[in-house]
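What you are looking at is a predicted structure, and each value in this text was computed from that prediction instead of being measured. Sequence positions, counted from 1, serve as the residue numbers for this chain.
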Amino acid sequence: MRRAIGLMSGTSLDGVDVALIETDGEAIRVERSHNGYLEPLGPTGYRAYSDDDRALLRQALIDAEAVTERSERPGCLRQAEELVTRLHAEAVENFLSENGLTAADIDVIGFHGQTVVHRPDQKMSVQIGDGRVLSRRLGIKVVSDLRHADIEAGGQGAPLVPVFHRALAQASGFTESLGILNIGGVANATLIARDGQILAFDTGPGNALIDDWMRERTGHALDDNGRTAARGRPDEQLLAWLLVHPFFARRPPKSLDRNWFSHKLAGQLTTEDGAATLTAFTARAVARALDHASDPPVRWIVAGGGARNGELLRQLNYHLRAEITTADAIGWSSAFLEAQAFAYLAVRSVEGLPITFPSTTGVREAISGGVLARPED
């Protein structure tokens, strides 16, 4: 078993998640509580972005639209990359200090970076953040750039988490058909059939449109527990139009760029009705995932920031018509599931094990990925 730290900064631009797990790249070291559910896999930490940090990263998303080669850093992208690397380093340093650990206690770090471009049809996905600089500063091996090999081999480069989802499901002893829904800025689903086969894909927008809407209309970063949406009424005509977008009819695997949809599509609505419409859009897009399920899940486990949105969970319960629980309720971590996944993927990368599969990203054959940086590099 290796000790690995995973780092995740999602499209919601809220901050850096840090999580430590122990794994050999196949099994995960777990402990069970008295009720049979998993105990936390390991300590976790969080480093929030400041308003200035988020402003720079939002500008980086705009400037990244001009990128035509992966190495290009137009506009503020180089400055943003330096910021992302530094803040991730600080997040790890704080995490180690808080948990009485040193660099020598950690075998590898999985560093996702900050996605600014995701255009798999153009064979391009860019996550800013310098793994080599991070490794030298921390004195720990770092695996980064985990999407590129998949895209070069014909895959979508996303989602990357499903192989970790399957390992967690196996560790938890689930044998029924299972859906795992991670709602970050973009929402993605992993469908695990009773025979262990996995199908994974982005379902559509997650929190990003709701967060953008709330920030513009109220100055708040999110719709706390979905209270604003619960006071509104969805615009059914706008929803019907949104859901005929070709993305939803495409067979998986498939992935979605954060910028494919904009909260401004609801611009003519009141604050409450806009929040209700965008929340309903996320929920109904997830329900469309059932169109592609050969073995529809009898249980859904919801993780990510969306798991804290009560109104979104209520709508998912209505549209999915299956048992729905949050990751936290069964001993998983809603907030840190993706960070844990990147720790797991880093170990798989070091071991040369596949991290993406034809049924998860559409890659031609199961392949490994990631770029390893050592402190001496």
Side-chain angles (χ1 to χ4, degrees), residues 4-23 28 30-31 33 37-50 53-54 57 84 87-88 90-92 94-96 98-99 109-115 159-162 164-165 167-169 171-172 179-190 203 205-208 210-211 214 220-227 258 279 282 286 300-313 316 324-346:
I5 286 176
L7 302 173
M8 181 64 194
S9 174
T11 50
S12 295
L13 305 179
D14 51 355
V16 181
D17 296 329
V18 187
L20 185 148
I21 69 169
E22 293 185 46
T23 178
I28 306 165
V30 299
E31 300 289 341
S33 62
Y37 290 139
L38 300 188
E39 293 285 359
L41 300 184
T44 57
Y46 178 67
R47 202 280 189 199
Y49 288 149
S50 69
D53 298 335
R54 279 191 288 270
L57 293 174
V84 166
L87 295 184
H88 279 70
E90 291 175 2
V92 174
N94 292 339
F95 175 82
L96 293 175
E98 289 167 1
N99 290 282
I109 292 173
F111 177 32
H112 177 265
Q114 185 70 56
T115 297
L160 295 181
V161 183
F164 177 66
H165 285 163
L168 264 183
S172 299
I180 301 169
L181 178 64
N182 187 71
I183 308 177
V186 172
N188 58 72
T190 300
T203 61
N207 303 315
I210 304 167
D211 293 349
M214 294 301 295
H220 297 298
L222 49 80
D223 184 8
D224 187 21
N225 203 30
R227 291 187 181 93
R258 184 193 193 280
T279 301
T282 291
V286 171
W300 285 84
I301 299 168
V302 184
R308 299 190 296 272
N309 185 324
E311 175 62 14
L312 179 55
L313 290 177
L316 287 170
I324 292 181
T325 186
T326 64
D328 291 326
I330 60 168
W332 297 11
S333 173
S334 292
F336 294 96
L337 194 67
E338 283 194 294
Q340 292 170 340
F342 281 99
Y344 182 74
L345 293 173

Enquirer: Is the side chain of Glu338 donor-acceptor paired with the backbone N or O of Val161 at a distance under 3.5 Å, no angle test?
Expert: no

Enquirer: Using the salt bridge (charged side-chain N to carboxylate O under 4.0 Å, His left out) criterion, which residues pair with Asp211? Sequence neighbours excluded.
Expert: none

Enquirer: Ignoring hydrogens and angles, tell me if any N or O in the side chain of Asn207 forms a donor-acceptor pair with the backbone of Gly185 under 3.5 Å.
Expert: no

Enquirer: Please name all residues satisfying side-chain hydrogen bond (donor to acceptor under 3.5 Å, both in side chains) with Asn188, sequence neighbours left out, ordered by chain then number.
Expert: none

Enquirer: Asp17 and Leu7: side chain to side chain contact (heavy atoms under 4.5 Å, CB included), yes or no, with the steps?
Expert: CA-CA 6 Å; Asp17 296 329; Leu7 302 173; over 6 Å; no

Enquirer: When rounded to the nearest 0.5 angstrom, what distance separates CD1 in Ile109 from CZ in Phe95?
Expert: 10.0 Å

Enquirer: Do the side chains of Asp14 and Arg47 get close enough for a salt bridge, i.e. N-O under 4.0 angstrom?
Expert: no

Enquirer: Rounded to the nearest 0.5 Å, what separates atom CG in Leu41 from atom CD in Gln340?
Expert: 4.5 Å

Enquirer: Could you check whether any side-chain N or O of Thr44 sits under 3.5 Å from a backbone N or O of Ala19, counting only pairs where one atom can act as donor and the other as acceptor?
Expert: no

Enquirer: What is the distance from atom CG of Asp328 to atom CZ of Phe336, rounded to the nearest 0.5 Å?
Expert: 10.0 Å

Enquirer: Are Leu222 and Ile210 side-chain neighbours, meaning at least one heavy-atom pair lies under 4.5 Å?
Expert: no

Enquirer: Could you check whether any side-chain N or O of Asp223 sits under 3.5 Å from a backbone N or O of Arg227, counting only pairs where one atom can act as donor and the other as acceptor?
Expert: yes

Enquirer: With no hydrogens and no angle check, just 3.5 Å: does a side-chain donor-acceptor pair link Glu311 and Thr279?
Expert: no

Enquirer: If we ignore angles and hydrogens, is there a donor and acceptor under 3.5 Å between the side chains of Trp332 and Ser172?
Expert: yes

